[in-house]
Chemist: 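Dropping the structure in here first, questions after.
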Amino acid sequence: MTPLGSLWIGPLGRLREVRDAATDLDRSISLGVQEFAALSGGITTTRLAAPPRRLALSWTAMAPAEAGWVEALARGVFGPGPLAVIDPAARNLLDGGQSQGYGPRAAYLMSGWGTLNERADRVITVTDPRDNDGVLLLHPHWFGWPVVPGLPVHMATGLPDVRCAFTFYTADQGFVGEAGPSSLLTAVPPAGAVFVLPRLILRAWTGTKPIGPALLRMGDPVTADEVGTLGDGCPAMTVTGYTDKARPPHRDLSLTLVEVRRTPR
């Protein structure tokens, strides 16, 4: 299997590996928390419901070819659209809630006869599914999760009545392949694949059960005991800052990015 190893970044369908290791990688999240103090001394707070992911990377003595790619992304050479970013530090590319079997409900789509609900505690449940009903795990921005042809994709679920499946699509959502179902699934995206749409395939049961946690990763294989790893997400990101200090024949670069979403979570 091919390990992820380094950062993959680029427009959809044109992700490229940045082999030079970043000398600094900051994945801090701006929580958006604000405090309000009453005259009585009470404290209340507000915060963003879904804080955007941020990345700040810097490289020292970066090779010219790698530096050229990063510069092209910063300058918007390939268009204004957001970039796909597969972070080498991410151990689960599902969103945080999805990785735990939690809401929001908008992060899932039921395919079949079962009924999908979100409980008051945010746990996602399915009631009375039939064999091979499916629950699609939706990306917060794109049609599916960005993939790189030839870079393995892995998925796992911990529940005996739930298995994993992949469907691969082109940039214009044309079908190019599928894999699974299996409780531990590995597949190599075929040529032309730009997205993978992960699904949880259900066996029939009576009553209501949680769908449980799941794990999605590219590169490094997964094991059953890793299910439950908190999801880092695979955000669509846009460049917000760039510096370039030339030290021929190398360059020192920095890049900052922030997550963009189509709809609030």
Side-chain angles (χ1 to χ4, degrees), residues 50 92-147 152-190 192-218 222-224 226-231 233-234 236 261-265:
N92 188 348
L93 297 179
L94 296 176
D95 269 3
Q98 289 171 328
S99 71
Q100 307 302 305
Y102 279 64
R105 170 67 175 78
Y108 305 85
L109 181 64
M110 188 75 200
S111 174
W113 293 91
T115 302
L116 192 68
N117 285 302
E118 180 180 351
R119 296 189 327 209
D121 61 1
R122 300 194 78 218
V123 170
I124 298 295
T125 64
V126 178
T127 302
D128 297 335
R130 300 184 183 181
D131 279 338
N132 298 319
D133 280 0
V135 178
L136 305 178
L137 303 180
L138 304 180
H139 192 277
H141 187 88
W142 288 306
F143 174 72
W145 267 255
V147 295
V153 185
H154 314 276
M155 189 176 178
T157 177
L159 298 183
D161 291 327
V162 180
R163 295 165 293 160
C164 306
F166 292 143
T167 308
F168 295 100
Y169 295 91
T170 63
D172 57 2
Q173 301 179 20
F175 171 84
V176 288
E178 58 186 354
S182 173
S183 58
L184 280 172
L185 178 61
T186 293
V188 177
V194 171
F195 296 114
V196 63
L197 195 58
R199 288 176 292 149
L200 300 174
I201 304 299
L202 313 178
R203 296 187 174 96
W205 67 65
T206 301
T208 300
K209 294 183 181 181
I211 63 169
L215 189 152
L216 179 69
R217 184 184 299 160
M218 299 181 194
V222 302
T223 59
E226 291 182 276
V227 175
T229 299
L230 182 63
C234 182
R261 294 187 182 224
R262 292 191 183 280
T263 55
R265 285 291 198 223

Chemist: For G207, does its backbone N or O pair with a side-chain atom of D128 as donor and acceptor, under 3.5 Å?
Modeler: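 Answer holds: yes.
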Chemist: Might you work through the side-chain contact (heavy atoms from CB on, under 4.5 Å) test for L197 and F166, ending with a clear yes or no?
Modeler: CA-CA 6 Å; L197 195 58; F166 292 143; over 6 Å; no
Chemist: Let me confirm one number: the CG-NZ distance from L202 to K209, rounded to the nearest 0.5 Å.
Modeler: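 Answer rounded to 0.5 Å: 10.0 Å.
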Chemist: If you look at every heavy atom in N92 and L216, which pair is closest and at what distance?
Modeler: OD1-N, 3.0 Å
Chemist: Do R130 side-chain atoms and D133 backbone N/O form a donor-acceptor pair below 3.5 Å?
Modeler: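 Not at all, since once roles are kept as given, no pair shorter than 3.5 Å links the two residues.
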Chemist: If you round to the nearest 0.5 Å, how far is OG of S182 from CD1 of I201?
Modeler: 11.5 Å
Chemist: If you measure from CZ on F143 to CG on L138, what distance do you get to the nearest 0.5 Å?
Modeler: 9.5 Å
Chemist: Ignoring hydrogens and angles, tell me if any N or O in the side chain of R203 forms a donor-acceptor pair with the backbone of P160 under 3.5 Å.
Modeler: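 Checked: pair present.
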Chemist: Please round to the nearest 0.5 Å and tell me the distance separating atom CZ of R119 and atom CZ of R105.
Modeler: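 Those atoms lie 15.0 Å apart.
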Chemist: Under 3.5 Å, is there a donor-acceptor pair between the side chain of R122 and the main chain of G103?
Modeler: yes
Chemist: With a 4.5 Å cut-off on side-chain heavy atoms, are V147 and M218 touching?
Modeler: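 SC-SC contact between M218 and V147 confirmed.
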Chemist: Do E226 and H154 have side-chain heavy atoms sitting under 4.5 Å apart?
Modeler: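 The answer is no; the side chains never approach within 4.5 Å.
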Chemist: Tell me the closest heavy-atom pair linking C234 and P146, and the distance in Å.
Modeler: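 So the minimum-distance heavy-atom pair works out to SG-CD, 4.1 Å.
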Chemist: For the backbone of D121 and the side chain of Y102, can you confirm whether one donor and one acceptor N or O come within less than 3.5 Å of each other?
Modeler: no
Chemist: Determine the minimum heavy-atom distance between C164 and A156, stating which atoms define it.
Modeler: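 So the minimum-distance heavy-atom pair works out to SG-C, 3.6 Å.
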Chemist: Under the 3.5 angstrom rule, does the side chain of D95 hit a backbone N or O of G97 as a donor-acceptor pair?
Modeler: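 Looks like no, no N/O pair under 3.5 Å.
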Chemist: State whether the side chain of Q98 and the backbone N or O of H139 hold a donor-acceptor pair below 3.5 Å, judged by distance alone.
Modeler: no
Chemist: List the steps, then state whether side-chain contact (heavy atoms from CB on, under 4.5 Å) holds for W145 with V153.
Modeler: CA-CA 10 Å; W145 267 255; V153 185; over 6 Å; no
Chemist: Of all heavy-atom pairs between G228 and Q100, which one has the smallest distance, and what is that distance?
Modeler: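 Looks like O-NE2, 3.1 Å.
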Chemist: Supply the atom-to-atom distance T167 OG1 to Q173 CD, rounded to the nearest 0.5 angstrom.
Modeler: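 The OG1 atom of T167 sits 12.5 Å away from the CD atom of Q173.
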Chemist: Over all heavy atoms of both residues, which pair between V123 and P210 is shortest? Give the atoms and the distance, please.
Modeler: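 Residues V123 and P210, closest heavy atoms: CG1-CB, 3.8 Å.
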Chemist: Any side-chain heavy atom of M155 sitting closer than 4.5 Å to one from L200?
Modeler: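 With C-beta onward as the side chain, the pair touches.
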Chemist: Quick one: closest heavy-atom pair of A171 and F195, and the distance?
Modeler: O-CE1, 3.9 Å
Chemist: Distance-only, no hydrogens or angles: does the W205 side chain make a donor-acceptor pair with backbone N or O of V126 under 3.5 Å?
Modeler: yes
Chemist: So how far is it from S111 OG to L116 CG, rounded to the nearest 0.5 Å?
Modeler: 11.5 Å
Chemist: So do the side chains of P189 and V196 get within less than 4.5 Å of each other, counting heavy atoms only?
Modeler: no
Chemist: Could you check whether any side-chain N or O of N117 sits under 3.5 Å from a backbone N or O of T125, counting only pairs where one atom can act as donor and the other as acceptor?
Modeler: no
